[in-house]
Amino acid sequence: MTFKTKLQSIKLFFCIMLFLLTIIPINVEAQESRLPAAPIFIDDEPIQTRYMMRDGHMLVPALFFKHTGTLVDWNDEYRSVVFQANNRKFAVPINKTFTDDFDRSTGTWKRGALSTEAIEFQGEIFVPVVDVAKKLQMDVTYNSQQNRTFITTNISVKPNVFAKGQSTEKLVALTFDDGPENHYTPMILDVLKEKGVPATFFVVGQEVKTYPNMMRRIVNEGHGIANHTWSHPDLRKKWSSEVRKEIELTQQETQITVGRRSDLFRPPYGAYTKADMLIMNQLGMRNIMWSVDTLDWSGLSADQILEIVNRDVSPGGIILQHNFQYGRLLDGSVEALPRIIDDLQKRGYRFVTIQTLLEKQNTER
C-alpha cells in the first residue's frame with residue numbers, strides 16, 4: 001500500500017466515525033455526570049452549586065438548602081427529604097410530584113403539590129429549588145439580565161464565629177486539630193510541658209475512644225479541650241441530624257474519658273453552613289476558627305511554618321496546627337513548635353488556652 005493510499009484510508013475512517021457520532025445518541029447519564037454549576041445568591045451571598053434542568057425547572061442538591069439555614073434530613077422509610085425552617089416542616093419524596101406537609105396545629109401530615117419531581121442522581125438527591133424555597137416561605141427571584149437566581153431566606157441565625165480575640169494584651173492561643181493519637185501528640189505535649197505553656201486540643205471523638213490515655217494526658221497536663229466532631233466529615237455534605245450526632249457523640253466520649261465536655265467546637269476544614277451554625281447554637285457550642293493558618297498538614301518545613309506565624313500573628317491570635325498521624329507530614333510542625341514559642345515570648349506574647357482568651361474577651365467588653 002502506497003503512502004497516498006494509506007492517507008486516503010485514514011481520511012475515510014475519520015469520516016465514518018464523524019458520521020456515526022451524528023446518528024448515535026449521546027448517553028444522557030454521561031452528560032449529566034458533568035452537571036453544570038452556577039452561583040445562587042442566598043441573602044446576597046453567592047453559593048456555588050451544581051444543578052440540572054427538568055421540564056423547565058431548576059433542581060439543586062437537597063443539601064444546598066442548608067446554606068439557607070434550613071435543617072435538611074433524609075427519611076429512609078419513606079425515601080424522602082425532610083425540610084424544616086420558618087416554622088414549616090415538609091417532606092419531598094423521591095420521584096413524586098407531591099409533598100407531605102406537617103400541620104403543627106393538628107400534628108398531622110397533609111398532601112401538597114410540586115411542579116416537578118425530586119430525583120436521585122449518582123447517590124445524591126436533587127429537588128426543585130423554587131418549589132422548596134417557596135414552601136419554606138422564602139422569596140425567590142430570577143434576574144434575566146444577570147442570569148442569576150436570588151433567594152431571600154427570611155431566616156435569622158445568631159452569628160457564632162470566633163476567629164481572633166480582641167485582647168489589648170499580647171495573648172496568643174496554640175490550637176491542635178484532629179487528635180489525639182500516639183505519634184505526634186506525645187511529642188507536642190513534651191514540648192509544651194518543657195516550655196510551660198498551655199494549648200487547646202480540638203479532638204475527634206473516635207480518636208479519643210481509640211487513645212483514651214493520650215486524651216487523659218492532655219487534660220492532666222492542664223491543656224484545654226474542644227470538640228472537632230466524631231469522624232471529621234465535611235459538615236456541608238451531611239444531613240442535619242448527622243451533624244448533630246457528630247457533635248453529641250464526641251461530647252459523650254470526652255465526658256466518659258476525662259469527666260468533662262467542652263462548649264468549644266471547630267468544624268473540620270473550617271467548613272459549615274448556616275444550618276450547621278444553627279445546630280451549634282442549639283447545642284450551646286461556640287464556633288472557634290483561627291487567625292493564623294500554619295498549613296502544617298501540607299508538609300511544610302519548620303522554617304516555612306515559623307515564617308507564616310511571625311508574619312500573621314497579632315494580639316488575640318489563634319494559631320492552627322495539627323496532631324494527626326498520616327505519614328510524616330507534621331515533622332516540620334513539631335520541629336517549629338519550640339521555636340514558635342520562643343520567638344513569640346521574646347516579642348512579649350503570653351500563651352493561653354482558647355477558654356482563657358474568651359474570658360478575656362468578655363471582661364474587656
Checking side-chain hydrogen bond (donor to acceptor under 3.5 Å, both in side chains) between N160 and each of N281, N287, D276, which is the one that passes? N281

Side-chain touch V82/V72, heavy atoms, less than 4.5 angstrom: no

Give the cluster check for M214 versus V334: same hydrophobic cluster or not, with ILVMFWY residues linked at side-chain heavy-atom distances below 4.5 Å. yes

ring-ring contact (aromatic ring centres under 6.0 Å, His included): which pairs involve residues 130-157, sequence neighbours left out? F41-F150

Say whether L283 and M280 are linked into one hydrophobic cluster, either directly or through other cluster members, by side-chain heavy-atom distances under 4.5 angstrom. yes

What residues form a side-chain contact (heavy atoms from CB on, under 4.5 Å) with A271, not counting sequence neighbours? D234, R236, Y269

For the residue pair H228 and F202, does the interplanar ring angle fall in the parallel (under 30°), tilted (30 to 60°) or perpendicular (over 60°) class? perpendicular

With D177, the side-chain hydrogen bond (donor to acceptor under 3.5 Å, both in side chains) member among H322, H232, R266: R266

S240 and D73 side chains, donor-acceptor separation under 3.5 Å: no

Please check if any side-chain donor atom of Q282 sits under 3.5 Å from a side-chain acceptor atom of R244, or the reverse. yes

Any carboxylate oxygen within less than 4.0 angstrom of a Lys/Arg side-chain nitrogen, looking at K360 and E169? yes

Are side-chain heavy atoms of V208 and T250 found at a separation under 4.5 Å? no

When clusters are formed from ILVMFWY side-chain contacts under 4.5 Å, directly or step by step, what else is grouped with W230? L249

Donor on one side chain, acceptor on other, Q304 and S301, under 3.5 Å: yes

Could you list all the side-chain hydrogen bond (donor to acceptor under 3.5 Å, both in side chains) pairs where at least one residue sits in residues 193-211, not counting sequence neighbours? K195-D342

Can a donor-acceptor pair be found between the side chains of R216 and N213 at a distance below 3.5 Å? yes

Do L357 and L171 touch side chain to side chain, with heavy atoms closer than 4.5 Å? yes

Could you tell me whether a side-chain N or O of K158 sits under 3.5 Å from a main-chain N or O of L278, the two making a donor and an acceptor? no

If you group Ile, Leu, Val, Met, Phe, Trp and Tyr by side-chain heavy-atom gaps below 4.5 Å, do I319 and V161 land in one group? no

Exactly one of T175, D178, T185 clears side-chain hydrogen bond (donor to acceptor under 3.5 Å, both in side chains) with N323, and that residue is T185

Is the shortest distance from a Lys or Arg side-chain nitrogen in R217 or D190 to a carboxylate oxygen in the other one below 4.0 Å? yes

Salt-bridge contact R261-E253 (side-chain N to carboxylate O under 4.0 Å): no

I'd like to know if F65 and V130 are part of one continuous hydrophobic network [Ile/Leu/Val/Met/Phe/Trp/Tyr, side-chain heavy atoms within less than 4.5 Å]. yes

Partner of D101 under salt bridge (Lys or Arg N to Asp or Glu O under 4.0 Å), picked from K110, K135, R88, is K135

4.5 Å side-chain heavy-atom contact, L71 and F83: no

Contact between Y51 and L35 at the side-chain level, heavy atoms closer than 4.5 Å - yes or no? no

With side chain to side chain donor-acceptor pair (under 3.5 Å) as the test, would you mind laying out the steps for S115 and D131 before giving the verdict? CA-CA 7 Å; S115 299; D131 282 13; 3.1 Å; yes

Evaluation steps, side-chain contact (heavy atoms from CB on, under 4.5 Å), between S314 and K164: CA-CA 9 Å; S314 60; K164 184 176 183 293; 2.7 Å; yes

Does one side chain, of R347 or N310, offer a donor that lies under 3.5 Å from an acceptor on the other? yes

Can T152 and D139 be counted as having a side-chain donor-acceptor contact under 3.5 angstrom? no

Do the charged groups of K274 and D43 touch, with an N to O distance under 4.0 Å? yes

Within the structure provided, determine whether P46 and I40 are in side-chain contact (heavy-atom separation under 4.5 Å). no

Considering residues at least two apart in sequence or located in another chain, which fulfil the side-chain hydrogen bond (donor to acceptor under 3.5 Å, both in side chains) criterion with N182? none

For T108 and D103, which I'm curious about, is there any donor-acceptor pair between the side chains at under 3.5 Å? no

Sort and list the pairs that fulfil ring-ring contact (aromatic ring centres under 6.0 Å, His included) and have at least one residue in residues 163-199, not counting sequence neighbours. F176-F201

Please walk me through it: do Q321 and T294 pass side chain to side chain donor-acceptor pair (under 3.5 Å)? CA-CA 6 Å; Q321 292 178 264; T294 63; 5.1 Å; no

Can you confirm whether the side chains of T254 and T257 place a donor and an acceptor under 3.5 Å from each other? no

